[in-house]
A.B. asks: 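Before anything else, here's the structure in question.
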Protein chains: 2
Amino acid sequence: MPRTLNSANSTDRMPGQATGKERILASAMLLFARMPYSDTSLRDIAAAAGVDVAYVHRAFGSKAEIFRQALLALAPLDDIAAGDPDGATMINRICDLAFLRDPRKVEDVRPLHLLTQSSLCSEARAIIAQFFGTSLALPLSRAFGHADPGRAHFALSLLSGFVTHRAIFGPADLLAIPEADQRQMLQTALMNAMLPGCSDGVFGWRPI
Amino acid sequence: MPRTLNSANSTDRMPGQATGKERILASAMLLFARMPYSDTSLRDIAAAAGVDVAYVHRAFGSKAEIFRQALLALAPLDDIAAGDPDGATMINRICDLAFLRDPRKVEDVRPLHLLTQSSLCSEARAIIAQFFGTSLALPLSRAFGHADPGRAHFALSLLSGFVTHRAIFGPADLLAIPEADQRQMLQTALMNAMLPGCSDGVFGWRPI
DNA sequence: TCACCCTGTCATTGAGCGTTGACAACAGGG
DNA sequence: CCCTGTTGTCAACGCTCAATGACAGGGTGA
C-alpha cells in the first residue's frame, strides 16, 4: 500500500496553519451556512477540509455534534447582548445579522445563517430551538423589559423569514430594493413587532 | 379530493372510494405539509396511501412531480385573489393561510404548509419560488396597486417566517399569546410592510 | 375472442449516507 | 527503549433512498 507520502502531516505544521480539526470546523461553518443540515454531508465537509470522511466523524463523534460545535464556535462572536442595550440598539444589532455578512467567507459566517438554513431539519431542530431561545429571544426580550416575551419570538420569526426568503429565493423584486431600504423596512417591522401598542393599528389602519 | 386529470375515469367509482393515485396525492399533501420534502420519502407516502412504493413512482414519474402536483392540486382551493380585493382584504386572506387550518386533516392542508416546510430543500426550491411569485406575491402586489412589488416579497417573507417558526419550534412564549392577538400582530406587521410610509418610522420611533 | 392499456406488486439496482474497525505515522513522557 | 495518546487514512458495513424492469390481473374496445 502506498502509504501516502504526501502527508502534510500532523504536528510539524507551519505556525498559523490550521489543524485538521480546525479546518473541519471552518468547513462545516461554511457549508452549514450555505445549505441545510440534511443537504450537507460529512463527505462534503471532509472534502472541503482536505481530510478523510472517517476523521470528520472520529474527531467530533457525530454529525449533530459537528453542527452544534459549529454553532457554538460562531455564537460568542456576536456579543449581541453586550452592554445591556436598549430595545432600539438591540434591534439594530439583530439586523446586523441579516446584512453585511458574506457567508462564503468563513470569517463572515454568522450563527443566523446556520439557524435559518437548517431550521426545518428534524435532526438540527432541537439544537436550533435552544439557541434561538437563549441566545436571541431572551436578550431581545430583556432589552424590552421582559414585557411580553412572546413578542420576541414573534419578531425573531419575522427576521428569520426575511433572511431565509432572501437567501433561498432571492426574488428579483426584493433584491431591487436598495439594501439600506431593506434594512430600514426590516428594522421597522421588528420594532413594531416588539411594541405592544402597535398591534392596535398603524397610521390609522386597523386589522379587520 | 382533487379529481385528477385523465378522462372521466374508466370505472365510475363508488363515491368516497378513492383510487390509488388519489390516495397517493392526498397522502403526499398531508406528509409534505407536515415535514420537509427531503424528510418525506416515497415509502412514507406509499405506506400512508396503502400502495406499493414502486407504484408511487410509476404513477407520477418522480418525487418532484408528486410535490408539484400536490401543490397545484391545493393551489386553486384558495382563490386568494378572487374579486380583486383591496390591500387590507388581501392581507386578511393571506393571514387565513397562517391560521385556522389543521394540517393533519387533508381537507385543511393549505399550499402555505407545503411552501414553508420545504422552502429550504434544493429539489423543491424552484417549484416553490415560482408558486410564491405568481400565486402570492403577484396578487398581493396587485392589491396594493403594483407599487413597489419588492414589498410584497418582503411581506411574504415575514409571513413565511412566522408560519415556519411557529410550526417548527412552537416556542411556548409565542403560543401563550391568544391566537386572535397573534393574528392581529401578524396582520399589522404585513400591512405595515406593504405601506411605504411606514418605513419612515412608527409611533415616533425611527430606525437608527 | 384477442389485444391493450391502466392499475398495481415484487425484486432489484446503484448511489449516497453516517458510522465503524483496523491500523499507520508520529510526538512526548517514563 | 517501550508505552500511550493524538492525528490521520483506508476499506467496508448496514442502511435508506429514488428509480427500474419484469410481470400479473382486470376491465375495455375491437
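Everything numeric in this text was worked out from a predicted model, so none of it was measured.
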A.B. asks: Is the phosphate of C:dT19, meaning OP1 or OP2, less than 4.0 Å from a side-chain N or O of A:His57?
C.D. replies: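 Result: yes.
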A.B. asks: What heavy-atom pair brings A:His153 and A:Gly133 nearest, and what distance separates the two atoms?
C.D. replies: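 Closest approach of A:His153 to A:Gly133, heavy atoms only: CE1-CA, 4.2 Å.
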A.B. asks: Calculate, to the nearest 0.5 Å, the distance between atoms CG and CZ belonging to B:Leu174 and A:Arg151 respectively.
C.D. replies: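 Separation between the atoms: 10.5 Å.
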A.B. asks: What is the distance, to the nearest angstrom, from the CD1 atom on B:Ile66 to the P atom on D:dC17?
C.D. replies: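 Atom CD1 in B:Ile66 sits about 14 Å away from atom P in D:dC17.
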A.B. asks: For A:Ala98 versus A:Arg166, what's the shortest heavy-atom pair and its separation?
C.D. replies: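 The answer is O-NH2, 3.0 Å.
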A.B. asks: Provide, to the nearest angstrom, the distance between the CD atom belonging to B:Glu123 and the P atom belonging to C:dG16.
C.D. replies: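 Those two atoms, CD and P, are 13 Å apart.
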A.B. asks: Report the nucleotide, chosen from D:dT9, D:dA18, C:dC10, that has the shortest atom-to-atom distance to any side-chain atom of B:Asp52.
C.D. replies: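 Among D:dT9, D:dA18, C:dC10, the one nearest the side chain of B:Asp52 is C:dC10.
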A.B. asks: Given that A:Asp39 and A:Ala54 both sit by DNA chain C, which one's nearest nucleotide is further toward the 5' end?
C.D. replies: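 Result: A:Asp39.
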A.B. asks: Taking any heavy-atom pair under 4.0 Å as a contact, classify A:Thr40: base, sugar-phosphate, or nothing.
C.D. replies: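 A:Thr40: backbone/sugar contact only, no base atoms under 4.0 Å.
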A.B. asks: Nearest to the side chain of A:Arg58 - C:dC23, C:dT19, D:dA18?
C.D. replies: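 Closest nucleotide among those given: C:dC23.
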A.B. asks: Between atom CG in A:Leu42 and atom C1' in C:dG16, what is the gap in whole Å?
C.D. replies: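 Going from A:Leu42 (CG) to C:dG16 (C1'), I get 12 Å.
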A.B. asks: For D:dC17, does OP1 or OP2 lie under 4.0 Å from any side-chain N or O of B:Ser41?
C.D. replies: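 Yes.
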A.B. asks: In whole Å, what is the span from the NZ atom of B:Lys63 to the C1' atom of D:dA19?
C.D. replies: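 So the NZ-C1' distance, B:Lys63 to D:dA19, works out to 12 Å.
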A.B. asks: Could you tell me if A:Lys63 sits above the aromatic ring of A:Tyr37, with its cationic atom closer than 6.0 Å to the ring centre and no more than 45 degrees from the axis?
C.D. replies: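 Cation-pi check for A:Lys63 and A:Tyr37: passes.
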A.B. asks: Name the residue closer to the 5' end of DNA chain D, choosing between A:Val53 and A:Arg43 according to the nucleotide with the nearest heavy atom.
C.D. replies: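 The answer here is A:Val53.
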A.B. asks: B:Ile24 CD1 to C:dG8 P: how many Å, rounded?
C.D. replies: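 Distance check: B:Ile24 CD1 to C:dG8 P gives 8 Å.
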A.B. asks: How many Å lie between OH on A:Tyr55 and C1' on D:dT6, as a whole number?
C.D. replies: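 Distance, rounded to whole Å: 7 Å.
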A.B. asks: Grab the CD1-P distance between A:Ile45 and C:dG16 for me, whole Å please.
C.D. replies: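 Distance, rounded to whole Å: 17 Å.
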A.B. asks: Salt bridge check, B:Asp39 against B:Arg34: does any charged N sit closer than 4.0 Å to a carboxylate O?
C.D. replies: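 Not counted as a salt bridge, because no side-chain N and carboxylate O are separated by less than 4.0 Å.
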